[in-house]
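Report on the structure given below.
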Amino acid sequence: MTVVPTTGTATPVAAPVKRRRLRFVANPKATVGLVILGFFALVAVIGPWIAPYDPSGRSNDLLQGPSAAHWFGTTHLGQDIFSQVLVGTRSVMVVGFVAGIVATILSILVGVTSGYLAGAGSEVLSALSNVFLVLPALPLMIIITSTLPETGTLTIALVIGLTSWAWGARVLRAQTLSLRGRDYVEAARATGEKSSRIILFEILPNLTAVIASGFVGTVIFAVTLEITLAFIGIGAGGDWNWGTVLYWAQSQQALAQGAWWWFVPAGLAIALLGTALSLVNFGIDEFVSPRLRGGGKTNVKTADGHTVRMRVGFTPVLATKARSEGRETP
Amino acid sequence: MSYLLKRIAFYLFTAWAAITINFFIPRVIPGDPVQALITRSRGQMTSEAVQSLYVLFGLDKDASLVEQYFTYLGQLLSGDLGLSFTYFPSPVSQVLGDGLPWTLGLVGITTVLGFLIGTALGTGIGWRRGSWADALIPVTTFVSSIPYFWLGLIAIALLTGPDSFFPASGAYDNGLVPNPDLQFIGSVLRHGILPAFTILISSMAGWILSMRNMMVTVASEDYVTVAHAKGLSDRRVMVSYAARNALLPNVSGFALSLGFIVGGTLLVEIVFSYPGLGLQLFQAVGAKDYPLMQGIFLIITLSVLLANFLADVAYLALDPRTRREG
Amino acid sequence: SNPGANSTNEGVLNVGMPNGPQTENNNPFLNTSAASSLGYRRLLFEPLAMVNETKPADKAKPWLATEWEWSDNFHKLSLTIRDGATWSDGKPLTAEDVAFTFELLKKNPGLNVDSVPYDTITASGSKVEVGFPRSQFVNQKKILEQLIVPKHIWSTIENPSTDTLKNPVGSGPYTLKTFTPQTVTLTVRDSYWQELPKVKEVRYTSYSDNNAQTTALATGAAEWSFVFIPNYEAVYTSKDPEHYKLYFPPVLGIHGLWFNTKVAPWDNAALRRAVNMVINRDDIFTQGEAGYFYPKVDNITGIPTPAGDSYIAPEFKSKIVNVDVDGAKKELAAAGFTFQGEKLVDPTGKPVTLKMTVPSGWSDYVTNLEIIKDNVSKIGIEATVDLPNADAWSKALDTGDFQAALHWTNNGPTPYDIYENIMNGALYKPIGEGGINGNYGRYENPEATALLNEYANAADDAARTAALHKIQQIHVRDMPVAITSAANAGGQYSTKNWVGWPDESNQYAPLQPTLENALDVVLHLKPAA
Amino acid sequence: MTTSTPPSASGTTEVVLEADGLTKHFPVRKRGRELLSRTARSVRAVEDVTLRLHRGRVTALVGESGSGKSTVARLLAQLYPQTAGSIRLRGEPVDAKGGRRFRAYSKRVQMIFQDPFASLNPVHTVRYHLTRALKIHGNAGKTPQELEEALAHLLTRVQLTPPERYVDKFPHELSGGQRQRVAIARALGADPEVLLADEPVSMLDVSIRLGVLNLLRDLKERLHLAILYITHDIASARYFADETFVMYAGRVVEGGDSETVTQRPAHPYTQLLIDSAPDPDRPAAQEKDGGTGEPPSLINPPTGCRFNPRCPYAMEVCARKVPPRFAIGDGDGHFAACWLYDAGLSDADKVKLRPVEGVS
Amino acid sequence: MTDAVLEIRGLNVDYGLGDEAVHAIRDVDLTLHRGEVLGLAGESGSGKSTLAYGLTRLLPPPGVITSGEVRYHPDGGDPVDVLRMTHPELRRFRWAETAIVFQGAMNSLNPVHRISTQLTDVIKAHDPRGSSASRLARARELLHLVGISADRLDSYPHQLSGGMRQRVMIGMALALEPKVVIMDEPTTALDVVVQRQILRQLVELRERLGFSVVFITHDLSLLVEFSDRIAIMYGGRIVEEAASADLYRDPLHPYSHGLLNSFPALRGPKRELTGIPGSPPDLRAMPAGCAFHPRCPHAMERCGVEVPVLGVPPEKNHTTHEGPADRTVACWLHPVHDHGL
Ligand SMILES: Nc1ncnc2c1ncn2[C@@H]1O[C@H](COP(=O)(O)OP(=O)(O)OP(=O)(O)O)[C@@H](O)[C@H]1O
Ligand SMILES: Nc1ncnc2c1ncn2[C@@H]1O[C@H](COP(=O)(O)OP(=O)(O)OP(=O)(O)O)[C@@H](O)[C@H]1O
Ligand SMILES: [Mg+2]
Ligand SMILES: [Mg+2]
Ligand code: NI
């Protein structure tokens with residue numbers, strides 16, 4: 001019997017994980033989403049500095065339409081709506097991201113632990129997240145925020161974060177349950193790894209995409225919630241955000257007064273941010289599950305110039321004759 | 001069988017936990033219904049009224065939170081939800097009875113419709129991946145990112161008016177009495193169209209997307225390829241092989257969303273002044289009307305649980321793998 | 001076909017209120033009932049007399065009582081009950097019913113919203129005698145306004161404070177026709193002790209918010225309402241300038257910036273006076289209150305005019321506060337305040353800042369504070385507007401945990417209610433202690449308290465007038481509240497179908513559909529041409 | 001190197017790990033009506049398994065899918081607690097449920113998982129996997145250089161040379177055979193005495209299999225490890241194992257020296273297995289009619305010999321009593337748990353359950 | 001040999017388009033004769049499944065057939081090119097003429113439909129006029145054919161064992177009595193006992209019904225025992241094709257040789273196992289010339305430059321073989337002596 005060494009001819013596979021990570025950014029949807037998100041993040045940082053006016057500052061231009069001086073027009077107090085939207089971006093982004101981070105951390109703690117541990121502890125945690133899942137978010141938030149004495153941006157963010165982790169926890173638990181049975185987790189255990197290390201180093205890294213998409217989902221949720229709360233008048237008191245702008249527009253019956261400019265910019269900003277976040281999420285989804293990838297071209301040109309669509313069950317045929325350069329048939 | 005038993009135990013536990021949370025949260029917070037009532041009236045009610053209101057609402061007697069809790073649980077078990085403060089002394093059950101049908105009618109029907117239409121569209125788009133239909137996805141994403149209330153307000157601003165077919169608020173024409181006659185039903189339908197469309201447009205996108213993604217995933221399953229290989233018609237493969245299986249994961253999502261009807265579309269009810277539970281809840285919160293809040297939360301919780309239970313049952317019916325017999 | 005439908009709409013008056021869906025509850029004693037919230041209790045039940053709050057000095061109009069007489073320094077009231085009034089079930093209304101109503105209030109403190117201390121109540125013939133343990137001078141209006149209920153019905157009601165009164169029987173000209181959460185319809189009854197109203201049917205619709213109510217007014221779906229409309233010209237009156245009107249007469253109640261007089265530097269009256277001098281009441285009126293909602297109060301005493309004209313002390317009659325930055329600065333300098341650059345510094349050397357609080361959702365209040373914030377910056381005070389939620393705000397006021405807040409006072413037939421609410425030492429609670437019922441500013445002045453007591457218990461008008469004048473002086477000197485606006489009793493109305501509304505030229509009643517005078521207004525209405 | 005190593009020639013027969021009467025029942029949740037009954041239901045995955053692993057010898061465990069092979073391996077690795085029976089390592093009873101004791105045990109007994117594609121964490125490099133194995137068991141040395149050397153040594157041992165080329169790679173950059181080698185290297189990182197290899201090649205391509213198996217054999221010979229080789233491919237057991245045990249439905253039905261078991265199978269199930277294995281040298285026509293039927297349910301296994309419902313030679317006694325091991329006597333420790341080899345059966349016991357011929 | 005039912009000529013299949021494309025099948029020529037079992041062997045990733053799905057046009061996206069011809073000879077009719085069929089034609093052709101048994105039976109059966117539904121809907125699709133009772137009868141018959149009792153008709157796939165599911169699939173493949181049945185690793189997930197049961201049944205059925213089988217597996221010893229002819233694939237090409245016995249006794253291509261020497265034998269003397277060194281090629285970065293040359297013990301200079309042509313090896317053509325060219329190989333050790341095909 002011969003021991004055949006398999007070394008030497010191993011085909012080196014080119015780029016390491018780097019390329020895999022980059023592929024996410026290469027996804028056009030994710031790119032567009034990230035660019036828009038970056039734009040909003042930038043505005044969140046520099047918004048208050050570049051705002052042409054104090055967003056609460058009154059002027060004598062009462063309720064004026066968009067003009068060179070006031071790009072988005074003014075309010076009934078002569079406040080500059082453009083400045084309000086610019087300054088309001090920070091609160092929106094802070095709430096979105098702080099809530100996202102808090103909820104994500106909680107969902108990881110609850111979800112992964114309850115997924116990995118077996119037995120009563122796991123059941124309790126799972127029941128806990130189910131209870132939180134059953135509690136309706138918006139009404140709960142209305143109650144909680146309307147009862148907190150101080151509802152600054154950060155408070156709102158924390159409250160949203162503390163109440164919206166359940167969905168993520170449920171998804172993570174399911175994922176962890178499936179990962180727990182994976183051979184590499186068992187193998188790590190057989191090697192003698194501690195449970196904590198298994199959770200942190202073997203399971204968590206493999207949940208990155210799920211966590212990321214949960215994070216983005218929570219950000220969308222938190223942003224919408226903050227704006228909604230502000231719109232019905234129980235959001236962050238003193239801070240400007242897009243919801244506050246809309247709240248003022250609504251309480252001053254802007255649309256009835258014909259002051260469309262008071263409503264439209266903030267609404268579009270919300271929709272745009274929401275879209276950007278959704279796009280990032282699609283990007284993550286497609287990254288995780290390659291089947292969803294649009295995969296660039298799906299339409300193929302055949303040799304005789306027709307266009308056919310790739311579809312399951314009917315493989316396109318580009319040319320029905322054997323290729324000439326293949327082999328000559330004498 | 002044990003599956004259902006286990007689920008039922010789970011539902012009971014969750015219901016209990018949610019009810020308990022619903023009880024405590026409003027109570028650990030500052031403010032009381034009397035203060036809220038006085039504050040809201042902004043001088044239209046004299047400050048002397050405070051004492052009489054405490055007496056009226058029965059808040060002048062001190063009862064510990066725990067005592068109150070057990071009284072509440074006891075009442076709940078006997079089906080008594082207490083008296084509302086906002087509409088004192090109307091029983092909460094009566095208040096809920098006024099709001100629930102509208103919420104179920106408008107929001108319930110549109111949520112179901114949104115799911116059905118969204119799923120149908122998602123099926124088509126997912127099946128014909130790569131065709132023009134894909135262009136719908138970015139559009140629906142954008143539309144679904146618009147908050148409900150904004151869409152509703154714009155719709156009201158653009159489409160309603162003195163001569164418009166669409167009324168701006170309410171559930172039926174003023175002066176009509178709910179009665180199963182043509183005039184009333186016509187009026188209800190007319191009032192429902194705009195809010196219904198708002199909900200449809202915002203909620204459909206999610207279903208389109210998840211169904212499309214599931215279709216794409218399922219379409220590359222072997223059994224779909226086998227169905228093609230069997231020479232079945234395109235329709236049959238799409239409906240009976242791909243969509244039928246792709247639907248399964250959406251069932252539980254749909255159940256959850258059914259439960260969120262009340263909470264989720266509160267804004268639609270506010271914007272369109274639709275006399276449903278959402279609007280009541282909003283008012284109850286403002287008025288510190290614990291009994292009413294609790295009542296509405298109870299309904300929400302029970303409906304989420306019921307929806308989940310139905311989803312479980314539907315799952316049993318739809319996915320034979322969960323049916324373990326023998 | 002539909003019992004609520006009225007195809008002709010003729011003889012119908014459409015009233016709207018922005019109060020959200022209602023639950024059937026016709027109990028006239030409860031502020032929470034649909035009957036109170038929409039105001040239709042006023043057309044079902046009647047008071048003893050009709051008091052016109054916009055002209056508080058005028059004598060009340062006799063209604064179910066043809067005569068009334070106070071004696072024993074307002075410790076005793078004798079009423080003569082009208083003959084010929086009937087309940088809507090046909091039974092006659094008697095003095096027994098009136099006495100029963102007072103008994104009911106006495107026995108059920110929960111229903112006695114005004115906390116009137118009823119003592120002895122006797123009825124004989126058409127007379128009712130009511131005794132009180134203390135002078136009821138300041139409560140006259142509240143007692144006469146009391147809606148009277150039939151004894152033969154209410155004596156069978158087990159618990160009057162939790163009864164929703166499904167079949168209301170009253171003495172008013174209307175009866176309940178239909179109730180839906182959205183609309184309540186009243187219809188005129190056959191017999192009434194006065195001439196039957198021209199309005200055959202009154203429809204109360206509850207819109208769920210101000211926007212919906214405004215839209216209803218603008219489209220003519222509602223003809224009478226009471227709602228805050230920003231920029232009312234653009235949104236409302238311009239839609240039909242000929243018919244769409246509003247009338248917002250002031251009454252004797254106010255809104256103003258309350259200072260916490262126990263918190264430095266706001267314990268300094270000079271500083272409070274200075275702030276009062278720089279507040280731009282015109283801006284508040286036009287921008288915050290949309291030019292009509294809470295009428296402007298600019299008399300230095302804070303008494304709304306013209307309703308309170310007759311009560312203002314002669315020396316203040318023409319003292320109008322106009323924005324006077326220089327005057328304010330002088331005032332401050334005299335009190336030892338200095339300026340560091342632009343910044344105002346108090347005598348102890350600390351910069352003066354002002355934190356004003358208002359519930360986050362109250363748009364007009366918030367606007368007013370934004371204006372004041374701007375105004376006080378002219379005298380070097382850096383102000384901030386804090387926007388907690390309504391509960392936290394109530395709590396802050398209750399426990400004195402604030403610097404300044406926009407708030408209101410009670411209103412009443414004389415300015416007493418205003419000052420009593422602001423300055424009564426009996427209401428005083430130290431900072432940190434809750435359960436306060438007025439005097440949110442923690443104003444402590446035994447002299448003021450004594451004067452208020454004197455006013456309430458004085459034996460004759462001269463003593464009262466003297467006391468009130470002294471109270472005004474104290475107010476002007478100490479300025480515990482910088483009064484900016486009057487409480488209103490107004491409303492929006494349309495003359496398209498109905499005329500005869502009260503207005504500037506015919507101020508026979510305030511115009512809020514929920515006030516008692518609503519019945520008087522409806523009785524005045526006539527079909528338009 | 002030669003094609004086979006006679007077991008007797010491997011010199012040492014020192015027992016390293018032994019299991020006696022090893023039993024594992026997985027509880028199954030009760031359903032519906034059973035809630036009322038008191039008997040607990042369970043999957044009787046492994047029943048009364050006794051085997052010994054010797055230093056420097058490969059012991060094969062063969063049997064069809066679901067017969068309990070992996071469960072035996074996991075029990076031996078103490079990844080599951082056993083329901084009954086005992087495990088002894090070098091004669092000392094093993095009880096390694098908890099953390100520290102489990103670590104100490106896992107240092108000496110290591111397991112290699114079936115699927116090389118799944119047993120390495122896709123997010124970690126080869127270096128991470130191996131470093132952990134070394135560190136946990138204190139073989140990493142003190143300095144970074146020592147660690148580096150230890151890594152290189154490990155990789156060289158599994159013939160992933162030069163080590164630098166592999167040490168920083170991610171699993172997805174390696175071929176199946178290379179991954180399996182990394183998995184083996186990880187197990188070696190603990191410097192164990194026993195290697196439990198659970199179907200180490202079943203997921204690999206035919207051309208790669210051989211390399212991994214040769215490596216295992218090499219380890220046995222150079223490091224004198226005791227190796228448990230689990231497979232369902234009985235032919236590979238013949239080639240690579242010194243001893244072979246055959247499992248059927250949770251029980252060991254036959255065992256002995258590999259060549260004897262594969263060439264002269266004694267138990268009817270082993271015979272069926274060997275008849276069923278593809279054999280290019282056998283013309284299709286010559287085929288015997290093999291057994292029919294399906295493997296039994298492990299929740300309600302057949303009484304007596306678990307193979308009796310499928311066995312063409314089944315007798316009365318087979319359905320009643322569990323057969324003990326009977327020595328066959330034609331090879332090194334060859335035994336079969338089958339009543340056919342009991343000389344002392346009564347006539348009543350010998351009554352056939354079914355007619356031998358005409359099994360359809 | 002009998003005449004051809006299926007002729008594949010110059011088939012090329014890519015995954016993806018343009019530069020990204022992976023050439024999974026390269027210039028494959030293959031003929032399936034009437035009534036024979038043609039084995040397709042080769043290691044994982046060599047393109048066996050791609051070939052099977054390609055010739056029925058069932059490749060999932062992004063698979064495309066870039067060129068080639070698949071000629072099907074119906075009984076008595078003119079040959080048709082499967083690759084030129086329109087979708088409706090293709091639908092009619094499928095299952096009625098060629099049926100496929102897919103790799104994993106668990107995934108081939110829709111878990112949410114009963115066995116009966118899945119058996120009858122294919123009959124209904126091709127013969128909509130039949131009554132549902134007759135279809136059900138046929139389904140019962142099919143189950144009986146593959147040795148499953150008819151009361152299993154109402155079962156769901158998960159209620160059947162792996163072997164039973166595989167049999168159901170085989171039964172389903174025979175529902176319309178096709179001329180060609182393609183089986184992609186139909187028994188890999190099963191244990192040897194069940195595997196043998198199924199294959200035995202298949203052999204019986206083929207004798208009775210007379211269809212041809214393309215049998216795909218990487219278990220060469222199984223193929224040698226069960227098939228008439230074997231084609232060996234490597235790197236997307238067919239490298240050798242011969243009668244089973246010939247291939248077993250005398251493999252010409254070094255890869256076939258290596259493959260045969262990788263299996264331990266259960267019986268007979270212990271052979272020396274050499275295995276195949278190295279690892280399978282990466283389809284994205286195929287070596288130039290013969291794809292096997294980096295692993296080939298006999299590699300010559302020419303092998304790294306020129307792709308060897310599949311053809312009749314000279315020694316077979318001129319010396320021992322009886323009949324016309326019944327074996328081909330693509331290797332420069334056996335340079336083609338081309339007679340045409
Ligand atoms: N954790 C578990 N819970 C319940 N049953 C189990 C568990 N693990 C294994 N089993 C059952 O125990 C029996 C033996 O399983 P095991 O994995 O040991 O078989 P195996 O011989 O390794 O099979 P294979 O060749 O497929 O790997 C099977 O019937 C299996 O279903
Ligand atoms: N969707 C795809 N995109 C890119 N390459 C693919 C795709 N599907 C298959 N391939 C590649 O095509 C080649 C042939 O795959 P195929 O599945 O035909 O191999 P196989 O011989 O059937 O292997 P196995 O024995 O593992 O089933 C493989 O190298 C595979 O990597
Ligand atoms: Mg196993
Ligand atoms: Mg394949
Ligand atoms: Ni020749």
Side-chain angles (χ1 to χ4, degrees), chain D residues 1-4 62-67 174-178 202-214 232-240 258-259 262-263 265 269 272-295 297 310 360, chain E residues 37 41-46 147 160-164 187-197 199-200 203 217-228 244-245 247-249 255 258-280 282 295:
Chain D
M1 221 170 276
T2 49
T3 46
S4 78
V62 299
E64 65 191 319
S65 182
S67 56
L174 301 175
S175 73
Q178 289 165 344
S202 68
M203 300 297 249
L204 299 179
D205 237 322
V206 277
S207 62
I208 302 170
R209 274 183 194 188
L210 206 54
V212 173
L213 287 178
N214 281 334
H232 52 234
D233 178 6
I234 198 163
S236 74
R238 176 190 181 202
Y239 269 64
F240 290 95
S258 295
E259 194 62 23
T262 53
Q263 298 313 307
Y269 172 68
L272 174 65
L273 196 63
I274 284 172
D275 282 344
S276 303
D279 181 3
D281 291 319
R282 174 176 57 187
Q286 248 189 34
E287 203 182 308
K288 257 200 301 191
D289 202 4
T292 49
E294 305 241 330
S297 148
R310 297 171 73 184
S360 71
Chain E
V37 176
E43 62 197 319
S44 184
S46 56
L160 305 180
S161 71
M164 286 165 104
T187 55
T188 30
L190 308 175
D191 65 75
V192 281
V193 181
V194 180
Q195 167 176 312
R196 182 155 294 268
Q197 286 170 13
L199 291 181
R200 197 182 309 126
V203 169
T217 179
H218 49 234
D219 189 346
L220 204 54
S221 42
L222 195 66
L223 274 192
V224 171
E225 195 179 341
F226 277 96
S227 55
D228 302 320
S244 317
L247 190 96
Y248 181 56
R249 254 182 278 121
Y255 175 67
L259 217 48
L260 283 168
N261 276 317
S262 301
F263 291 99
L266 190 52
R267 271 185 217 92
K270 283 193 183 177
R271 285 180 291 141
E272 186 176 328
L273 299 181
T274 49
I276 307 170
S279 50
D282 176 6
R295 302 170 75 184

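Order of the sequence lines sets the chain letters (A, B, ...), proteins ahead of strands, with each chain counted from 1. What you see is a predicted model, and the numbers here were worked out from it, not measured in a lab.
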Contact summary for Tyr239(D) and Pro269(E), nearest pair of heavy atoms
OH-O, 4.2 Å
Region of Asn261(E) in contact with chain D, defined by heavy-atom distances below 4.5 Å
backbone
Shortest non-hydrogen contact from Arg267(E) toward Gln263(D)
CA-OE1, 4.2 Å
Looking only at heavy atoms, what is the nearest atom pair of Glu259(D) and Lys270(E), with distance?
OE1-CE, 3.0 Å
By a 4.5 Å heavy-atom criterion (distance strictly below it), what part of Arg209(D) contacts chain E: side chain, backbone, both, or neither?
neither
All heavy atoms of Ala277(D) vs all of Arg196(E), minimum pair found to be O-NH2, 3.2 Å
What part of Leu222(E) lies closer than 4.5 angstrom to a heavy atom of chain D: side chain, backbone, both or neither?
both
Within this structure, what is the CG-CG distance for the pair Asn214(D) and Leu273(E), rounded to the nearest 0.5 Å?
8.0 Å
Shorter than 4.5 Å, heavy atoms on both sides: which option in Ser262(E), Gly163(E), Ser44(E) has the most such pairs with chain D?
Ser44(E)
Minimum side-chain heavy-atom gap Pro278(D)-Gln195(E) below 4.5 Å:
yes
On a heavy-atom basis, the closest approach of Pro264(E) and Ala235(D) is O-CB, 3.6 Å
Distance check, rounded to the nearest 0.5 Å: Thr274(E) atom OG1 versus Leu210(D) atom CG?
7.5 Å
Quickly, which of Leu272(D), Asp233(D), Leu273(D), Ile274(D) forms a side chain to side chain contact (heavy atoms under 4.5 Å, CB included) with Val192(E)? Name it, please.
Leu273(D)
